[in-house]
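The structure displayed is predicted, hence computed values, not measured ones.
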Amino acid sequence: DLIAEAATDYWRLHARSGTPFADLGPLQAISMIHRDGVLSLMPCAEGMVMATLSERMALDMGAWFQRVGRLGRLIRQG
């Protein structure tokens, strides 16, 4: 999917330019708000990023963080 690929590229770009953001701590998530939707990114395992496309204002970010965190733990457990 083109959106997922572009989102992953955006995450990698941010990771490569991390030095200007080092004082903010490690990156936990990125949300890109567009007119017709929101693309949210969060790491869920080593080298793996969860990309979620949602309607504007429809994503419960707290629940999303918890679910992606649970998914990451399951992936790491194998």
Side-chain angles (χ1 to χ4, degrees):
D1 177 82
L2 291 177
I3 290 177
E5 186 176 334
T8 302
D9 288 345
Y10 186 85
W11 186 271
R12 287 185 191 125
L13 174 66
H14 190 281
R16 283 194 304 269
S17 64
T19 304
F21 306 106
D23 289 344
L24 299 174
L27 181 61
Q28 294 183 336
I30 296 173
S31 287
M32 293 170 267
I33 302 169
H34 295 263
R35 185 193 68 212
D36 296 326
V38 178
L39 179 62
S40 301
L41 309 171
M42 182 178 167
C44 62
E46 184 67 32
M48 187 180 293
V49 175
M50 170 63 77
T52 305
L53 186 58
S54 63
E55 294 179 6
R56 288 186 64 140
M57 308 305 287
L59 184 63
D60 178 340
M61 290 302 285
W64 181 75
F65 272 104
Q66 290 177 348
R67 288 183 178 140
V68 175
R70 262 187 267 140
L71 177 62
R73 286 189 293 282
L74 288 171
I75 291 169
R76 287 188 296 277
Q77 289 173 358

- Item | Pairs flagged by salt bridge (Lys or Arg N to Asp or Glu O under 4.0 Å) wherever residues 5-15 is involved - sequence neighbours left out | D9-R12
- Nearest-0.5 Å distance that lies between atom CE in M50 and atom CH2 in W64: 8.0 Å
- Item | For M42 against G69, the heavy-atom pair lying closest together | CE-N, 4.4 Å
- Query: Nearest heavy-atom pair of R73 and Q66: which atoms, and what distance?
  - Reply: NH2-O, 4.5 Å
- For the hydrophobic clusters of this structure (ILVMFWY residues joined by side-chain heavy atoms under 4.5 Å, transitively), does one cluster hold both L71 and M48? yes
Residues 55-63 side chain polar contacts: donor-acceptor under 3.5 Å, at least two apart:
| from | atom 1 | to | atom 2 | distance (Å) |
| --- | --- | --- | --- | --- |
| R56 | NH1 | H34 | O | 3.2 |
| D60 | OD1 | G62 | N | 3.2 |
| D60 | OD1 | A63 | N | 3.2 |

- Item | Transitive ILVMFWY cluster of I3, excluding itself - 4.5 Å side-chain cut-off | Y10, W11, L27, I30, M32, L39, L41, V49, L53
